[in-house]
S.K.: 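Have a look at the structure that comes next, please.
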Amino acid sequence: MKRITIPAALLSAALLLGLGGCAADDSREIIRIGHNQATTHPTHVALLAFEEFIEERLGDRYDVEVYPSELLGSQTEMVQLAQTGAIHFCVASNSILETFSDNYTLFNLPYLFASSEAYHASMDDPAITGAIFDSTRQAGFEAVAWIDAGARNFYTVDTPVNRPEDLRGLKIRVQQSPTNVEMMRLLGGSATPMGFGEVYTALQSKIIDGAENNEIALTSNGHGDVCKYYSYDMHQMIPDLLIGNCDFLDRLPAGDRAVFEEGFRLVNQVERTAWVSAVEEAKQTAAERQGVQFLYPDTAPFQQACMPLHQQMLDAYPSLAPVYDAIQRHNAEHPSAAGEGGI
């Protein structure tokens with residue numbers, strides 16, 4: 001099926017005028033949440049849990065609707081809708097939020113976290129995330145929960161990547177972020193930023209030679225049907241963020257806001273639990289049904305090539321140095337294990 005993309009401005013008008021703010025047969029406010037993943041994805045599972053939680057406790061006032069698979073447009077378009085209040089929440093990649101606040105540049109750094117345990121501990125630490133999550137309020141939205149998106153690795157159509165040198169001459173899709181473009185330059189590849197929904201067709205038609213993402217992209221989005229090599233270079237652990245419209249959040253009564261805050265924590269907990277089993281299932285499916293070969297290169301050469309980005313970021317944004325140092329303390333407490341990336 002061909003997805004019809006509706007311009008954000010037109011969709012905003014349709015949601016505000018055509019659909020209205022309340023259901024036709026009651027006075028409940030409809031809470032719209034959009035994301036770009038399939039209905040089997042842990043993100044969707046977590047948002048359905050949020051929907052059930054809110055409606056169980058506040059169902060007399062709110063009707064939550066979750067829209068998967070870019071039904072409300074691309075991530076960029078959904079962020080614009082959340083800015084205007086046409087929708088209340090959406091899931092956005094950290095790379096998109098980097099274009100709204102320089103603070104999010106920190107989380108895009110390759111090899112920022114020494115291990116998945118250090119990643120989780122850092123993202124659960126309000127001293128690290130608090131100011132960053134609030135830094136887009138001037139744009140009309142704020143992050144209300146972080147969503148685990150695992151480790152990002154390279155996967156390619158027909159060229160196995162065991163060393164940075166193997167990326168030379170390859171066009172690799174990256175998220176639309178200056179940090180990711182520079183990362184590919186340092187690794188020797190050619191960065192091709194594009195929206196997530198365009199990747200499958202670009203791989204199939206060989207407009208690009210590969211991409212970088214977690215294992216679930218192989219199965220949930222069909223990328224493993226085309227790409228036959230998945231290389232665990234572990235270059236990034238980047239969260240997705242559930243963002244909310246500030247006007248809506250600020251006008252919530254105190255009691256309702258407390259329930260929503262509890263719901264945001266539930267999103268994180270449910271998604272993280274679902275993520276572990278989903279990754280294992282995706283790896284098995286990719287290997288057995290799609291014929292994907294998993295590679296485990298030495299990550300040290302990749303790390304060494306990317307390390308200049310750390311100092312570049314600290315020089316450009318010295319205000320982020322205390323947050324960066326706090327992450328290093330979590331890294332010291334949770335060093336890398338065998339098979340994981342890190343610094």
S.K.: So, using ring pair (Phe, Tyr, Trp, His ring centres under 6.0 Å) as the criterion, who are the partners of His334 when residues are at least two apart?
M.R.: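 For His334, no residue satisfies ring pair (Phe, Tyr, Trp, His ring centres under 6.0 Å) once neighbours in sequence are set aside.
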
S.K.: Could you pull out all residues at least two apart from Ser93 that satisfy side chain to side chain contact (heavy atoms under 4.5 Å, CB included)?
M.R.: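 For Ser93, the residues satisfying side chain to side chain contact (heavy atoms under 4.5 Å, CB included) (neighbours in sequence not counted) are Gln75, Ser95, Ile96, Gln175, Asp240.
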
S.K.: Would the distance check show the side chain of Asp63 and the main-chain N or O of Ile30 forming a donor-acceptor pair, the cut-off being under 3.5 Å?
M.R.: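 Not confirmed, Asp63 side chain does not pair with Ile30 backbone.
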
S.K.: Provide the full list of ring pair (Phe, Tyr, Trp, His ring centres under 6.0 Å) pairs with a residue in residues 158-189, sequence neighbours left out, each pair given once.
M.R.: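 As it turns out, there is no ring pair (Phe, Tyr, Trp, His ring centres under 6.0 Å) pair with a partner in residues 158-189 once direct neighbours are skipped.
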
S.K.: I'd like to check the side chain to side chain contact (heavy atoms under 4.5 Å, CB included) partners of Ala305; sequence neighbours left out, ordered by chain and number.
M.R.: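 Once residues adjacent in sequence are excluded, the partners of Ala305 under the side chain to side chain contact (heavy atoms under 4.5 Å, CB included) criterion are Leu187.
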
S.K.: Who passes side chain to side chain donor-acceptor pair (under 3.5 Å) against Gln290, sequence neighbours left out?
M.R.: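 Partners of Gln290 under the side chain to side chain donor-acceptor pair (under 3.5 Å) test: Asp225.
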
S.K.: Hey, is the main chain of Asn162 close enough, under 3.5 Å, to the side chain of Asp166 for a donor-acceptor pair?
M.R.: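 The answer is yes, because a donor-acceptor pair under 3.5 Å joins these two groups.
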
S.K.: Does this structure show an ion pair linking Arg61 with Asp256, if we count only N-O contacts that are shorter than 4.0 Å?
M.R.: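 Counted as a salt bridge, because a side-chain N and a carboxylate O are separated by less than 4.0 Å.
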
S.K.: Excluding sequence neighbours, so at least two apart, what forms side chain to side chain donor-acceptor pair (under 3.5 Å) with Thr159?
M.R.: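 Checked Thr159 against side chain to side chain donor-acceptor pair (under 3.5 Å); zero matches.
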
S.K.: For the residue pair His310 and Tyr111, is the inter-centroid distance of their aromatic rings smaller than 6.0 Å?
M.R.: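 So the answer is no for these two rings.
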
S.K.: Taking the side chain from Asn331 and the backbone from Ala114, do they hold a donor-acceptor pair closer than 3.5 Å?
M.R.: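 Indeed, once roles are kept as given, a pair shorter than 3.5 Å links the two residues.
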
S.K.: If we count only N and O atoms by modelled type, under 3.5 Å, do the side chains of Glu70 and Ser74 hold a donor and an acceptor together?
M.R.: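 There is no such pair (donor and acceptor under 3.5 Å, judged by atom type) between the side chains of Glu70 and Ser74.
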
S.K.: Sequence neighbours excluded and cut-off under 3.5 Å, please list the side-chain donor-acceptor pairs for residues 47-56, or say none.
M.R.:
from  : atom 1 : to    : atom 2 : distance (Å)
Glu55 : OE2    : Val64 : N      : 2.8

S.K.: Using the ring of each side chain (for Trp, its six-membered ring), is Tyr62 parallel, tilted or perpendicular to Phe260, with breaks at 30° and 60°?
M.R.: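 Perpendicular: the ring planes of Tyr62 and Phe260 meet at over 60°.
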
S.K.: List the residues meeting side chain to side chain donor-acceptor pair (under 3.5 Å) with Arg185, not counting sequence neighbours, and say none if there are none.
M.R.: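 Here the qualifying residues are Glu182.
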
S.K.: Measure from the side-chain N and O atoms of Tyr296 to the backbone N and O of Ser231, and report whether any donor-acceptor pair falls under 3.5 Å.
M.R.: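 Such a contact is absent between Tyr296 side chain and Ser231 backbone.
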
S.K.: Using the side chain to side chain donor-acceptor pair (under 3.5 Å) criterion, which residues pair with Thr156? Sequence neighbours excluded.
M.R.: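 Expected list: none.
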
S.K.: Check whether Glu142 reaches the backbone of Asn245 with its side chain - one donor and one acceptor, N or O, closer than 3.5 Å.
M.R.: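 It does not hold such a pair.
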
S.K.: Can any side-chain N or O of Thr84 pair as donor or acceptor with the backbone N or O of Leu81 at less than 3.5 Å?
M.R.: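 Between the backbone of Leu81 and the side chain of Thr84 there is a qualifying donor-acceptor contact (under 3.5 Å).
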
S.K.: Sequence neighbours excluded and cut-off under 3.5 Å, please list the side-chain donor-acceptor pairs for residues 263-273, or say none.
M.R.:
from   : atom 1 : to     : atom 2 : distance (Å)
Asn268 : OD1    : Arg272 : NH1    : 2.9
Asn268 : ND2    : Trp146 : O      : 2.8
Glu271 : OE1    : Asp148 : N      : 3.1
Arg272 : NH1    : Asp124 : OD1    : 3.0
Arg272 : NH1    : Asp124 : OD2    : 3.2
Arg272 : NH2    : Asp124 : OD2    : 3.3
Thr273 : OG1    : Gln269 : O      : 3.1

S.K.: Applying salt bridge (charged side-chain N to carboxylate O under 4.0 Å, His left out), can you list everything that pairs with Asp102, at least two apart in sequence or on another chain?
M.R.: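 Residues passing salt bridge (charged side-chain N to carboxylate O under 4.0 Å, His left out) with Asp102: none at all.
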
S.K.: My understanding is that only residues two or more places apart in sequence, or in another chain, count here; which of them pass ring pair (Phe, Tyr, Trp, His ring centres under 6.0 Å) with Tyr104?
M.R.: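 Counting only residues at least two positions away or on another chain, Tyr104 forms no ring pair (Phe, Tyr, Trp, His ring centres under 6.0 Å).
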
